[in-house]
Asker: 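First, the structure itself, so that you have it in front of you.
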Amino acid sequence: MTMKTSACGWQAAGDKTAREGTAATCPWRETGYKYAYQWNFARAVSEIAHRAAEFKGYLPRAEQPFVFVSEQGYPHTLSDLVCTYQFIKTAIDVTSLKGNAPGPDGKTFYLEYQLNDLGESQIRKLKHSLRSGTYRPGGWRAVRIKTGSKTRTLHIPNVQDRVVERDIASVLTPLAEPAFHPSSYGFRQGICIADAIRGFASAVLQHKRYVVGKIDLKDAFDRIPQARLLDIVGLHVPDAKLLELIKLVVTGRGWENKQGKTKVGLPQGGPMSPLLFNIYLNHVFDQCMGKHGVKFIRWADDIVLICESASELQAQRALIERILNGAGLAVNREKTFSPGATANLLEGECLEFLGMRVGLDDSKTNIVLSLTEDALSSLQAQLLLVINGQRPNVTWSGRRTFITDQVKMVIAGWLEAFSGAIPCHDWPTLRKEIKGWFLSESGSSPWILEQCQAKHEHLPVDCPSTECLNGLYERAATHWQARMARSTPEVIDRLVGRGERDANSKTSTRQLVPDDLSDGADLVPAPSAFIHAAGDRKPGADLVDFRLELAEAPF
């Protein structure tokens, strides 16, 4: 029998009987060769999470060095894992599901990694450059996007740099997760807006604290001092070589923030920036608030304080301003002290938080949510981003099905985040408004067509059917209720258990959401491959194996 050897060194037998014969000793072969690297990756992440949990996220650098032993018996340090095929290939799979936007070099994802037999040659080159220390990151491509009523600038790295950042983040995430504060929700795997709202409701109702106020950080990403950030990251990473690679990614790209400073700030748009932002804020803000007994909810740079009185809120805001100034961050006083940034829930006032108005019902015993205009504007912005992201040199014929699928995924993700603020009796009105964006009325052009950057003869996307939208809403509402009813999820438990789940899995279908977010939902197929440029080619069905639960993971 002829045996074929892949670039990673594993042998894939073409005979089904031969694979089943090795299942007892090599459980990852039960799912076939295509998922072998995913199981080994999950097993390594699980072991890192185990070790980090023992030391609360702060592993000693000398006393307890981390060494992972692979199935083949080879020892790997943390920096070795970053250079392995398993971690690089998994980072490529996750990056492929996040988008195909080119960096400053103009290369798209599939032109970079899908040609030449799924990019095996590129993987070998990247492995060599990481192992030898010759890897050097490229620059950024600045893109301005509108989210709701705000406009922000994203800095998109090259495709290869995005893969490297996700590769590093896959090791850094289980190392730092055990140290994160339970009141921090944003940028964490498997934790969603419903979890933050549940934490908010718990602090208000159980502790009977009804005076709430927001803290708005001014250009938080742009003001983080890189030297201090790297010192804090060093507390979690017991590997000098990996620290050098992180330092290279953070400081080696010719970055310049809004104030023209080169050694301050993190660019928004890189896969590793949200994780580094969380690590820094956890050290300089979250833990300090916990020591001072401050009740708060933090979603990235959106912070809400939960107090007993207006005087307590005023004192806590002054304390936080002093702490953040010492950490190099600044409070936006205009927004923080605006009339809408403070609310007394007992007096019937509402606070806008995470795209929703949060208040109490008439009985003062339950939290009531309603949708804001900014939340609906964010859906419009995401839909336009999907349609305008297509290359203008590619015709829309043959793309209608693909773009329609992308639109459905955007609407589904938006409903997962905001369904708790959409009552059942309000959904038909909102559904009609969403459908109206795609349909022309009395001879006028559809709203989406009018907003497209490039004018087309026909709308390049079909309007989702009423049945489809109802199904998405019902599923999202069910998920929201399940999340609100359960206890706060532990990210570390998911990281620890992932290896065992993947090893015991005998199905080729993978969840697109983490286990505790699916809540028993049906398994959904992987999204269609991205095809944005004329030179990009769609892989065959046998090559699309991106159905791992990491599809929506931050790393």
Side-chain angles (χ1 to χ4, degrees), residues 97-101 143-151 355-356 370-480 512 524-533 538 552:
L97 293 171
K98 297 293 184 176
N100 193 33
V143 177
R144 295 182 64 84
I145 64 171
K146 185 177 181 180
T147 56
S149 59
K150 301 179 180 178
T151 301
M356 291 174 278
S370 60
L371 207 62
T372 65
E373 294 181 1
D374 282 348
L376 201 57
S377 298
S378 69
L379 176 59
Q380 293 177 332
Q382 293 176 51
L383 292 173
L384 290 177
L385 192 63
V386 168
I387 297 177
N388 289 330
Q390 309 301 312
R391 293 293 182 88
N393 61 334
V394 181
T395 62
W396 291 111
S397 59
R399 301 299 182 103
R400 184 180 298 274
T401 301
F402 169 73
I403 303 173
T404 301
D405 289 342
Q406 296 297 304
V407 166
K408 292 177 182 178
M409 290 177 65
V410 168
I411 296 175
W414 184 84
L415 287 173
E416 289 284 339
F418 296 104
S419 59
I422 309 173
C424 295
H425 55 82
D426 289 344
W427 168 242
T429 302
L430 179 59
R431 182 193 62 212
K432 183 179 180 180
E433 182 176 354
I434 293 175
K435 293 189 67 175
W437 301 341
F438 300 87
L439 302 175
S440 57
E441 297 182 1
S442 63
S444 61
S445 299
W447 175 84
I448 282 190
L449 182 58
E450 292 178 351
Q451 298 297 320
C452 284
Q453 294 175 357
K455 301 299 180 182
H456 306 281
E457 295 181 1
H458 304 287
L459 187 65
V461 59
D462 289 326
C463 176
S465 65
T466 300
E467 182 181 3
C468 172
L469 292 176
N470 285 340
L472 295 178
Y473 172 75
E474 292 173 2
R475 174 173 174 169
T478 302
H479 289 179
W480 180 280
L512 289 184
V524 294
S528 303
F530 293 93
I531 319 171
H532 288 241
K538 182 177 181 178
E552 291 190 0

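In what follows, every heavy atom counts, from backbone to side chain, and hydrogens, waters and symmetry copies are set aside.
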Asker: Hey, could you give me the CE/CG distance between Met409 and Leu472, rounded to the nearest 0.5 Å?
Answerer: 11.0 Å
Asker: Would you check if Leu430 and Glu433 make a side-chain contact, meaning some heavy-atom pair closer than 4.5 Å?
Answerer: yes
Asker: Taking the side chain as every heavy atom from C-beta outward, state whether Leu383 and Trp447 have any pair of such atoms under 4.5 Å apart.
Answerer: no
Asker: Could you name each residue pair satisfying side chain to side chain donor-acceptor pair (under 3.5 Å) that touches residues 418-429, not counting sequence neighbours?
Answerer: Trp427-Asn470
Asker: When rounded to the nearest 0.5 angstrom, what distance separates CG in Leu469 from CD in Glu467?
Answerer: 10.5 Å
Asker: Working to the nearest 0.5 Å, report the span between CG of Leu376 and CH2 of Trp437.
Answerer: 4.0 Å
Asker: Give the minimum heavy-atom separation between Trp414 and Gln382, together with the two atoms involved.
Answerer: CD1-NE2, 4.2 Å
Asker: Taking all atoms of both residues into account, what is the closest heavy-atom pair of Gly355 and Ala375, and its distance?
Answerer: O-CB, 3.4 Å
Asker: Measuring from atom NZ of Lys408 to atom OG of Ser465, what distance do you get when rounded to the nearest 0.5 angstrom?
Answerer: 6.0 Å
Asker: Can you give me the closest heavy-atom contact between Ser378 and Phe418, atom names plus distance?
Answerer: OG-CE1, 4.5 Å
Asker: Backbone N or O of Ile422 within a donor-acceptor pair of the Tyr473 side chain at under 3.5 Å?
Answerer: yes
Asker: Closest approach of Ala417 and Met356, non-hydrogen atoms and distance?
Answerer: O-CE, 4.4 Å
Asker: Test of understanding: with side chain to side chain donor-acceptor pair (under 3.5 Å), list the residues that count as partners of Thr466, not counting sequence neighbours.
Answerer: Lys435
